[in-house]
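Just so you know, residue 1 is the first one in the sequence shown, and it goes up from there.
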Amino acid sequence: MVRPWEADPSALFERRLGSSAQELGNSKDTEDCPDIWQLDNGDIAVIGRDLTTAYAAKLPGGVSLSADERLVVIPGNMLSAAKKDIPDA
């Protein structure tokens with residue numbers, strides 16, 4: 001099956017969206033930091049805790065995960081801090 005969108009593993013990290021985990025008080029060091037980055041192709045990379053298994057049975061109707069997808073959770077203040085860097089549609 002051909003998907004309308006596919007992640008490009010050759011895309012590179014271009015810029016952080018929002019503030020770092022340390023700046024927001026969500027991490028003490030750089031070893032375990034949630035983060036949001038724009039890639040050089042315009043896609044967004046989200047680094048968070050993998051809670052795929054914990055949420056698999058709790059997904060709302062119409063929401064599904066493919067075998068190659070993971071559900072990650074990041075702190076809410078991190079997404080709020082990124083709002084200024086995300087253009088309106």
Is there a continuous path of hydrophobic side-chain contacts, each under 4.5 Å between heavy atoms, that joins Leu65 to Ile74?
no
What distance do Asp43 atom CG and Glu6 atom CD have between them, rounded to the nearest 0.5 Å?
10.0 Å
Got a donor-acceptor contact below 3.5 angstrom from the Thr52 side chain to the Leu71 backbone?
yes
Ala82 to Ile36 - nearest heavy-atom pair and separation
CB-CD1, 4.1 Å
Could you tell me whether a side-chain N or O of Arg70 sits under 3.5 Å from a main-chain N or O of Ala67, the two making a donor and an acceptor?
yes
Taking the side chain from Ser20 and the backbone from Glu23, do they hold a donor-acceptor pair closer than 3.5 Å?
yes
Quick one: are Glu14 and Leu39 in side-chain contact, heavy atoms under 4.5 Å?
no
If hydrophobic clusters are built by linking Ile, Leu, Val, Met, Phe, Trp and Tyr wherever their side-chain heavy atoms come under 4.5 Å apart, do Leu51 and Leu59 end up in the same one?
yes
I'd like to know whether Phe13 forms a side-chain contact (heavy atoms from CB on, under 4.5 Å) with Asp40, so could you lay out the CA-CA distance, the side-chain angles of the two residues, the decisive distance to 0.1 Å, and finally the verdict.
CA-CA 6 Å; Phe13 288 85; Asp40 63 1; over 6 Å; no
Mark yes when over 12 heavy atoms from residues, nucleotides or ligands other than Lys83 sit less than 6.0 Å from its NZ; otherwise mark no.
no
Carboxylate-amine/guanidinium proximity below 4.0 Å for Arg3 and Asp68
yes
Do the side chains of Val72 and Ile44 join up, straight or via other hydrophobic residues, at under 4.5 Å, putting them in one cluster?
yes
Could you measure the distance from the CG atom of Asn41 to the CG atom of Asp8? Nearest 0.5 Å is fine.
5.5 Å
Main-chain N/O of Ile47 paired with Asp35 side-chain donor or acceptor, under 3.5 Å:
no
Inter-residue atom distance Cys33.SG - Met78.CE, 0.5 Å rounding
7.5 Å
Strictly distance-based, threshold 3.5 Å: is any side-chain N or O of Arg15 a donor or acceptor partner for the main-chain N or O of Asp85?
yes
Do Val46 and Trp37 come within less than 4.5 Å of each other through their side chains, counting heavy atoms only?
no
